[in-house]
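Residue numbers begin at 1 in each chain, while the letters A, B, ... track the order of the sequences.
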2 protein chains.
Amino acid sequence: MSNQTPSPRRNRKGAMQPTLNDVAREAGVSSITVSRYFTSPDNVREATRIKVEAAIEKVGYVRNMIAGSLASATSRVIPVIVPSLSNVVFIDVIKGLQDEFEAHGYQLLLGKTDYDLTRETQLIRTFLGWSAAGLVVTGLRHDAATRQILENWNQPIVEIMELGEGLDLNVGMDHVAAGRAMTEHLLARGYRDIHFAGAELDRDYRAAMRYTGHREALAAAGIEEAPLLDLPVRQQMTSGAQALERIRDQHPECDAIHFANDDMACGAILAASRLGIRIPDDIAIAGFNGLPIGEHVTPQLTTIISPREQIGRVAARKLLARINGEPVGELSHDLGFTLRVGGST
Amino acid sequence: MSNQTPSPRRNRKGAMQPTLNDVAREAGVSSITVSRYFTSPDNVREATRIKVEAAIEKVGYVRNMIAGSLASATSRVIPVIVPSLSNVVFIDVIKGLQDEFEAHGYQLLLGKTDYDLTRETQLIRTFLGWSAAGLVVTGLRHDAATRQILENWNQPIVEIMELGEGLDLNVGMDHVAAGRAMTEHLLARGYRDIHFAGAELDRDYRAAMRYTGHREALAAAGIEEAPLLDLPVRQQMTSGAQALERIRDQHPECDAIHFANDDMACGAILAASRLGIRIPDDIAIAGFNGLPIGEHVTPQLTTIISPREQIGRVAARKLLARINGEPVGELSHDLGFTLRVGGST
DNA sequence: CTGAAAGCGCTAACAT
DNA sequence: ATGTTAGCGCTTTCAG
């Protein structure tokens, strides 16, 4: 009525996109009926539905998610916040999340903190401005500002990777237990002088949790010392090779290295074959993650398979369940892990 | 005026978020001034700016991007469409894109086609409903529907990975030339019976382009036959190992394998060491991508380093330049590649 | 099952 | 440099 120009109209940018009204006019119904065709088709009669469908096709209508989100104060966007994209672990998790979200018509908005909790706060603030339907965030450690924002936000949240007391939902595995399990395996194999090697464990605090488990297992076996080598990160495989050389050099009595991840462990195995170090006779090597490469090196790597992609999938499913008001089961979901024994131990 | 309830008000979801108006009232200015504080701070006087800042802090205002996008018919969201997240190549590209976008206040919306062009069309349709500021899409091959939508869309687009006649901007490398370069290297080394091995080359058509270059190089050397092994994809390293065995078995005269990627090539090198096949004496191995692992296997892998992350960065920068109306330089940007010769050839 | 009215929170396009 | 007015295109609410 107030608009003089008939369809097609142009928006302020000069573009010319058909709107719900254009479809409605074409179909001979009101715009709200077309809206309902999208949001709750069950409330639209078959005959009307067909008319609307034809009109949509005819005018080439594309739903404007922005307008819909403004009106409904919620959007089908789900921000996912990870610390890094250089780590396969998060890539696999994202893959799981993406698959599930995409299948259910939700969009994944990707944010990266570089392990900076302040950056995390900023990202979350921005993302909440998108009226997100939910949020996926890595880890249970956040700064006070983040925690305050999220506690006042009444949409579902999943914290992934670890287990514990969280903000809302929580999907992951027990890293302390994983570290313990691997070291128990090494002890059972008869290794006694076991070193733990990681890279920047203060940042990668989940690896530090595995070191804690490692120490616990040693202590339980009456071994009080748990030697630790914490290297600066360069390239992970290179760090692994370096760790092997360093430990062989400074601690010739060491009979096994428990690496913080498979990249480092494989770097060590490949370096060993270059240097003529026999694995596991001269020294045993263990990793963590269960990456494909571990099965291709000689000897095959003993490692713990982490349920990375599944963490993504389950996290997504729980979040969507909560968004749709369905039951989510237990708040904290432990996906476990599997020890895969190769020839390297 | 028309609103009876004073601040703070509640939106339709029952949540209670302060709006621009709340900030404006607090600061004693009009809402548009607060808006300008965000969008063009240079047009706001220092004194006003300070008042506004204090008010924002006081009421805990968070910008509502949705409302802003609706009003301005453009959002700071950039959809990125890739075929797969299982391929490191795209991960590295995404990393480059994400870094640049995040640094400039743009959000990356992630879409995955699984190499299905119809899915690509759907994704693009959905994403355009987000009033995206631009679009990043993989490859130059799209179906008719996609092409039609994008030709009528007047926002910047970057097609990445390949080079050629595109929709708009275009950042990548010349895959035919890369394939040619590697095979010229192999020929220069004296290899004559060179096989090309890939996995699902119909899907991975950029690898098929490298095969084309490979064939060209052979033809230029007077070799008319270019034997090809195209395996079904399982795990890439496993396929590489399999290819090595298959070729050794069926073509004992073959003296070099040109693999479609580093994963396969490294799978072959690792398998060779298991099987007692000497590289490069018994057979030479070449890859493509320049992944870290290639430097850690023995012998080191001869490969072509693709500028993956840089493709992401440059693509992002060109897109942002165009969004901001700055000059973008040439439409098609060739990032080249580097041959890295290891001991495997 | 369908419609009319109202407005989500912001910004473009003029003013001043 | 700041304000006024009028929507952006959709969904909510309330009627029928």
A:Leu108, A:Leu110, A:Leu109 screened by side-chain contact (heavy atoms from CB on, under 4.5 Å) with B:Leu109, the one that passes: A:Leu109
Can you check the [X] [atom1] to [N] [atom2] distance for me, whole Å?
{"X": "A:Leu20", "N": "D:dC10", "atom1": "CG", "atom2": "P", "value": "4 Å"}
{"X": "A:Asn64", "N": "C:dC10", "atom1": "CG", "atom2": "P", "value": "17 Å"}
{"X": "B:Asp22", "N": "C:dG9", "atom1": "CG", "atom2": "P", "value": "9 Å"}
{"X": "A:Leu70", "N": "D:dT12", "atom1": "CG", "atom2": "P", "value": "11 Å"}
{"X": "A:Asn43", "N": "C:dT2", "atom1": "CG", "atom2": "C1'", "value": "10 Å"}
{"X": "A:Met65", "N": "C:dC8", "atom1": "CE", "atom2": "P", "value": "22 Å"}
{"X": "A:Asn21", "N": "D:dC8", "atom1": "CG", "atom2": "C1'", "value": "12 Å"}
{"X": "A:Asp42", "N": "C:dC1", "atom1": "CG", "atom2": "P", "value": "9 Å"}

Nearest-nucleotide pick for [X], side chain only, options being [options]:
{"X": "B:Ala67", "options": "C:dG9, C:dA12, D:dG9", "result": "C:dG9"}
{"X": "A:Ala71", "options": "D:dT11, C:dG9, D:dA1", "result": "D:dT11"}
{"X": "B:Tyr61", "options": "C:dC10, D:dT11, C:dT11", "result": "C:dC10"}

query: Of the residues in residues 27-39 of chain A, which ones touch DNA chain C at a heavy-atom distance under 4.0 Å?
result: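 The answer is A:Val29, A:Ser30, A:Ile32, A:Thr33, A:Arg36.
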query: With sequence neighbours excluded, what pairs up with B:Phe127 under the ring-ring contact (aromatic ring centres under 6.0 Å, His included) test?
result: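 Scan of B:Phe127 (ring-ring contact (aromatic ring centres under 6.0 Å, His included), adjacent residues dropped) gives none.
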message: Among residues at least two apart in sequence or on other chains, which ones pass ring-ring contact (aromatic ring centres under 6.0 Å, His included) with A:Tyr115?
response: none
message: Go through it in stages, so that I can follow the logic: the residues are B:Asn170 and B:Leu331, the test is side-chain contact (heavy atoms from CB on, under 4.5 Å), and I'd like the CA-CA distance, side-chain angles, deciding distance and then a yes or no.
response: CA-CA 6 Å; B:Asn170 178 303; B:Leu331 293 184; 5.8 Å; no
message: Is the phosphate of D:dC10 approached by A:Arg63 (side-chain N or O, under 4.0 Å from OP1 or OP2)?
response: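 Negative; the distance criterion is not met.
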Plane angle bin for B:Tyr106 and B:Phe101 - parallel if under 30°, tilted between 30 and 60°, otherwise perpendicular: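 It falls in the tilted class, 30° to 60°.
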- prompt: When you check the side-chain N and O atoms of B:Arg313 and B:Gln310, is any donor under 3.5 Å from an acceptor?
  reply: no
message: Testing the 3.5 Å rule here: is there a donor-acceptor pair between the side chains of B:Thr146 and B:Thr121?
response: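 Distance-only check passes for B:Thr146 and B:Thr121.
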message: For a quick check of understanding: with a heavy-atom distance under 4.0 Å over all strands, which category does A:Thr48 fall into, base, sugar-phosphate or nothing?
response: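 The residue A:Thr48 makes sugar-phosphate contact but no base contact.
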